Amino acid sequence: MTGRQLLLIRYGELGLKGKNKYKFINTLHNNMSRAVADLDETMVKNGWGRLWVETAQPQVAISRLQKVFGIYSLSPVLQVEKNIEDIAKAAYQTLITALPQGGSFKIETRRSDKTFPLTSPEISKEIASIIFSKLDDHYTADMHMPERVIWVEIRTKGAFVYGDLFQGAGGLPVGTGGKALLLLSGGIDSPVAGWHMLKRGVCLEAVHFHSFPFTGEQSKEKVITLCRLLSSWQGKSVKLHVVHFTEIQKSIHRECEEEYGITLMRRMMFRLAERLAKQRQALALVTGESVGQVASQTLESIATINNAVSIPVLRPLIGMDKADIIQIAQRIGSFETSILPYEDCCTIFLPPHPKIRPQISEAINQEQALDIKTLLAEALNKTETLNISI
Ligand code: ATP
Ligand code: MG
């Protein structure tokens, strides 16, 4: 017996992907391998229609794997020979580890190997009777509301016994959904929007618009920290493009009507992001917008801003309440960083009365005063790209 633990990995939704299934499973396999690469005596195996991890560090491995999208749940399992005595021994061991002081339990058997001589209910019954002969009266059987279910799976290659089921992150493996460019501010919403896209298997690069010296080093550091958090969910480094936005903001402030400032600024952000996305072969932009949250997120604003680009703009938070977004931000670990009080470029030159229902025609009219082409080219020229890893 080695000191290694076997983990059974369940990948739910992947099972539905028909002939793409192998590509999805291979990507998941690679992503899992990367997540546990530095752990002792750890390897990911693909076999018997499942993914498995063998590891000498099960606790760390489980917590790492819980951030790998595509995994629905995972269980530490004992693999034994397919005979009732060995299965019962493993079930006993699993039970007393899970409930050392006693309690109620139930044995639940699944038999995919139909050549095994007993039916699933018969197997459960046999095992329970062997286990009970070794237990004291602190343990009881409960078929309806047991404190623990001990699962037994009889498969062609062996029998597997487990009593714990850890939730995975769900979703699809990162890398199976192409690449998008996330507009990452230092706020609460955009990291959560990025996380949702990662969850659907989309790989991310990020762009941040920085208005030095109006926004300082600290606000850039904050975005780098958020990127690091996203990279822990992406499973590999995130490229962060920092675009120097000051000249564009000054130009808008100088040349255009104040109440259209935010709309025009955001049209320029979208244009820059679209160009970067094309350079980086990203197929869509992602923002943290949600209808009605602020003046620039009314439907009129969204339409006017969106009109500046032709690339798809994905807004995974569009119908969510702020309170729900905050809850997710707390769960995924971005909230603490997002609420640090550093200036964002959107708060610079913020007009006292931003236009809540801007018109596309008026935005285009206002932009006549700007040398858009030169402003975009200069900002893109000064863009710095950082590789942010976990
Ligand atoms: P967030 O909490 O994500 O900052 P917000 O509620 O403050 O969002 P806005 O400031 O209107 O909303 O921004 C809407 C979206 O535009 C953001 O979610 C983000 O995707 C993008 N965005 C805003 N400011 C920036 C910036 N400085 N750099 C990159 N993207 C930005
Ligand atoms: Mg913001």
Side-chain angles (χ1 to χ4, degrees), residues 180-197 204-212 214-216 218-224 226-227 229-230 238-246 248-249 252 261-277 282 284-302 304-306 308-309 311 313-318 320-330 332 334-351 354-356 358 379 383-384 386:
L181 180 64
L182 170 69
L183 281 77
L184 183 63
S185 69
I188 293 168
D189 304 319
S190 43
V192 176
W195 179 85
H196 274 97
M197 296 315 299
L204 293 178
E205 292 193 15
V207 56
H208 177 68
F209 301 97
H210 189 56
S211 296
F212 188 79
F214 302 107
T215 54
Q218 285 172 318
S219 73
K220 190 164 132 191
E221 279 304 317
K222 179 177 171 180
V223 174
I224 290 175
L226 291 171
C227 257
L229 186 268
L230 285 173
V238 170
K239 273 199 163 52
L240 170 65
H241 308 279
V242 180
V243 176
H244 292 269
F245 201 55
T246 321
I248 293 181
Q249 283 193 291
I252 294 172
I262 294 269
T263 311
L264 299 177
M265 180 187 89
R266 299 189 54 73
R267 279 169 66 91
M268 291 302 272
M269 282 184 179
F270 271 40
R271 288 187 176 106
L272 287 163
E274 180 179 48
R275 280 165 177 72
L276 263 174
L285 306 182
V286 179
T287 76
E289 289 160 304
S290 141
V291 171
Q293 204 187 78
V294 288
S296 61
Q297 296 175 30
T298 60
L299 276 186
E300 288 85 350
S301 282
I302 288 176
T304 306
I305 293 161
N306 213 139
V309 293
I311 188 169
V313 182
L314 309 178
R315 301 173 173 89
L317 311 186
I318 198 69
M320 289 176 71
D321 292 347
K322 192 77 180 188
D324 298 331
I325 298 170
I326 287 176
Q327 231 174 40
I328 300 173
Q330 284 167 331
I332 66 175
S334 59
F335 186 71
E336 293 300 315
T337 305
S338 288
I339 57 172
L340 292 172
Y342 309 123
E343 291 276 279
D344 175 71
C345 73
C346 295
T347 50
I348 314 290
F349 306 123
L350 187 71
K355 191 81 179 166
I356 292 172
T383 296
E384 43 169 336
L386 310 168

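This is a predicted model, so every value here is computed, not measured. Whatever order the structure lists ligands and atoms in, that order sets their numbers, starting from 1.
Distances below 4.0 Å separate heavy atoms of Gly288 from the following atoms of ligand 1: 17 (C), 18 (O), 20 (O). Taking every non-hydrogen atom of Ile188 and a distance limit under 4.0 Å, the qualifying atoms of ligand 1 come out as 2 (O). If you number the atoms of ligand 1 from 1 as listed, the ones under 4.0 Å from a heavy atom of Val207 come out as 29 (C). Residue Gly187 has at least one heavy-atom neighbour below 4.0 Å for each of these atoms of ligand 1: 1 (P), 2 (O), 4 (O). For ligand 1, the atoms lying closer than 4.0 Å to a non-hydrogen atom of Asp189 are 1 (P), 2 (O), 3 (O), 5 (P), 6 (O), 8 (O). Interface of Thr287 with ligand 1, defined as ligand atoms under 4.0 Å from a residue heavy atom, comprises 20 (O).
Counting heavy atoms from C-beta outward, Leu181 and His241 have side chains that approach closer than 4.5 Å. At a threshold of 4.5 Å between non-hydrogen side-chain atoms, the residues Ser290 and Lys322 do not count as touching.
In this view, Asp321 and Asp324 satisfy the side-chain contact (heavy atoms from CB on, under 4.5 Å) rule, not counting sequence neighbours.
For the pair Met269 and ligand 1, the shortest N or O to N or O distance does not fall below 3.5 Å. Between Phe209 and ligand 1, at least one pair of N/O atoms sits closer than 3.5 Å.
Residue contacts with ligand 1 include Arg266, since one or more of its heavy atoms lies under 4.0 Å from the ligand.
Between the side chain of Thr304 and the backbone N or O of Pro358 there is at least one donor-acceptor pair closer than 3.5 Å. For the pair Thr215 (side chain) and His210 (backbone), a donor-acceptor distance under 3.5 Å is absent. Between the Glu274 side chain and the Ile311 main chain, a donor and an acceptor come within less than 3.5 Å of each other. Listed for the Thr298 side chain is a donor-acceptor partner under 3.5 Å among the backbone atoms of Ile356.
Comparing heavy-atom distances from atom 12 (O) of ligand 1 across Met265, Gln297, Glu289 singles out Gln297 as nearest.
Proximity of Leu182 to ligand 1, defined as any heavy-atom pair under 4.0 Å, is not found for any part of the residue.
No option in Glu289, Gln297, His196 other than His196 meets the side chain to side chain contact (heavy atoms under 4.5 Å, CB included) test with Leu317.
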